[in-house]
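The chain is numbered in sequence order, starting from 1. First listed ligand is number 1; within each ligand, the first listed atom is number 1.
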Amino acid sequence: MPQGVLTSYKQFLPINENTPIFSLGEGQTPLIKSRNIVKIIGCRELYFKFEGCNPTGSFKDRGMVLAVAKALEKGVTNIVCASTGNTSASAAAYGAYLGLKTTIIVPQGKVASGKLAQAIAYGAHIAVIKGNFDSALSIARELSSKHPIELVNSINPNRIEGQKTAAFEIVDDIKRAPELLFIPVGNAGNISAYWKGFKEYFELGFSKELPEFHGYQAAGASPLVTGKVVENPETIASAIRIGNPASWENAIKARDESGGLIQSVTDEEIISAYQLLASNEGIFCEPASAASLAGLILEKKNGSDFHDKTIVCIVTGNGLKDPENAIKISPASYGEYQNDYESVEKVLVN
Ligand code: AN7
């Protein structure tokens, strides 16, 4: 019986006697041990932290549950967020569970259909704008500054607090921190949250080591790599199609303090990692989530030696979020046959 993030990690979160405790079953996601890709990488151990198993299918639920709990604690009944899709699905779900009015602001034509379907089903008020995520976020910030509406994007510190529990779970599962952590980076809240989580567990003595962080952005949306805001970000990985990350400084801090790096991968590299993860490990994620593995494969190709390393790749969201790309991208072994046993048998059994 999952207890949820607020109960499991209460003592590490800003929870007091007035904070409502509830759960949709977020957290306790599987750390899946690689059987096949590990051989390509040649590392000691490779794990995938599959955040697609959260209740709305992405890591956002870990932070959303706390952000919404703290909003309720204050007596706020309206929440708002800008989103490339997953934050809005998560906000809409927790908003529905708690009876809040949820407003989401999303870029027109750039949200994967599964995510939009979720927001519609959960009954959020959906504002589709003719602009990108970055302008949606500035509208959401202004709305929350002028009205009693809680902003539940990751600039809300409670989002980061909740999301840091994923780092705790990794250490709890393997009884140590990995040497290397690979993670997709968009608005940069998650990389900041993982760094905070690993540091806190380290300082409390739960791990003796800190991972080196390897953040990966999509090449067409890689402001943290180039050091410049991207006015018109473009990538197949719509979740990380972000040109001006809100947690810019904290991402750089996670990179530098961990002795790591933030680099980019092309859409082709993302797609190839996405296919490999599904067809070789049974893990179906959305394109953005494959940026972490794409980065690891790229580093291997460029000559890195990982033989003595334990590596964790964060896989941020579920493949069902983006069915159009799944069908378009994947090399299906698919055929139409006559409606009888023999014709199917003839083709498949030889
Ligand atoms: C699957 O939902 O920004 O670097 O508005 O959905 O913390 O932004 C989503 C981001 C990676 C990047 N993988 O995380 C949103 C949104 C998936 C995501 C990221 C997102 P951050």
Exercise for the section: With atom 7 (O) of ligand 1 as the reference point, say which of I183, N190, T84 has the nearest heavy atom. Expected result: N190
Exercise for the section: Please check if the distance between the ring centroids of F12 and Y201 is under 6.0 Å. Expected result: yes
Fill in the blank from the handout: Taking only non-hydrogen atoms of T87 and a 4.0 Å limit, the atoms of ligand 1 in range are 2 (O), 5 (O), 15 (C), 16 (C)
Practice task
Provide the number and element of each atom of ligand 1 under 4.0 Å from a heavy atom of S289.
Solution key: 1 (C)
Exercise for the section: Considering heavy atoms of the protein only, find what lies nearest to atom 14 (O) of ligand 1 and give residue, atom and distance to 0.1 Å. Expected result: F59 CZ, 3.4 Å
Handout entry: E203 atom CD, over 12 foreign heavy atoms within 6.0 Å
Key = yes
Exercise for the section: Begin with the C-alpha distance, continue with both residues' side-chain angles, and end with the deciding distance and a verdict on side-chain hydrogen bond (donor to acceptor under 3.5 Å, both in side chains) for N132 and E231. Expected result: CA-CA 9 Å; N132 60 26; E231 293 301 334; over 6 Å; no
Practice task
Enumerate the atoms of ligand 1 whose separation from the nearest heavy atom of G189 is less than 4.0 angstrom.
Solution key: 4 (O), 7 (O), 21 (P)
Problem - Side chains of Y94 and E26, donor plus acceptor under 3.5 Å - result: yes
Handout entry: Hydrophobic cluster membership, I41 vs Y47, 4.5 Å side-chain cutoff
Key = no
Problem - Geometric N/O contact P184 with ligand 1, under 3.5 angstrom - result: no
Problem - Side chain, backbone, both or neither: the part of K321 lying under 4.0 Å from ligand 1 by heavy atom - result: neither
Practice task
Just jot down the ligand 1 atoms closer than 4.0 angstrom to any heavy atom of I242, in number order.
Solution key: 3 (O)
Exercise for the section: Check each of S58, A188, S83 against atom 4 (O) of ligand 1 and report the one with the nearest heavy atom. Expected result: A188
Problem - Identity of the nearest option to atom 19 (C) of ligand 1, non-hydrogen atoms only, from N153, I240, T316 - result: I240
Exercise for the section: Give the atoms of ligand 1, by number and element, whose distance to some non-hydrogen atom of E286 is under 4.0 Å. Expected result: 1 (C)
Practice task
Considering only non-hydrogen protein atoms, determine which one is nearest to atom 6 (O) of ligand 1 and report residue, atom name and distance to 0.1 Å.
Solution key: N86 ND2, 2.7 Å
Exercise for the section: Verify whether one side chain among Q163 and Y194 offers a donor that lies under 3.5 Å from an acceptor in the other. Expected result: no
Fill in the blank from the handout: heavy-atom search around atom 18 (C) of ligand 1 in the protein gives A239 CB, 3.5 Å
Practice task
I would like to know whether E51 and T29 meet side-chain hydrogen bond (donor to acceptor under 3.5 Å, both in side chains); could you show each step before the answer?
Solution key: CA-CA 6 Å; E51 290 289 282; T29 56; 2.5 Å; yes
Exercise for the section: Go through ligand 1 atom by atom and flag the ones less than 4.0 Å from a non-hydrogen atom of V185. Expected result: 4 (O)
Practice task
Would you tell me which option among K60, R241, Q217, R159 has the nearest heavy-atom contact to atom 9 (C) of ligand 1?
Solution key: K60
Problem - Aromatic plane relationship, H214 with F182 - under 30° parallel, 30 to 60° tilted, over 60° perpendicular - result: tilted
Problem - Interfacing atoms of ligand 1 (cut-off 4.0 Å, heavy-atom, F133) - result: 5 (O)
Problem - Under 3.5 Å side-chain donor-acceptor pair for Y216 and E299 - result: yes
Handout entry: Side-chain donor-acceptor pair present, Q118, T56, cut-off under 3.5 Å
Key = no
Exercise for the section: Decide yes or no on side-chain hydrogen bond (donor to acceptor under 3.5 Å, both in side chains) for S222 and S264, but give the supporting numbers first. Expected result: CA-CA 6 Å; S222 54; S264 66; 4.5 Å; no
Exercise for the section: Just need the protein heavy atom nearest to atom 8 (O) of ligand 1, so name the residue and atom and give the distance. Expected result: N187 N, 2.7 Å
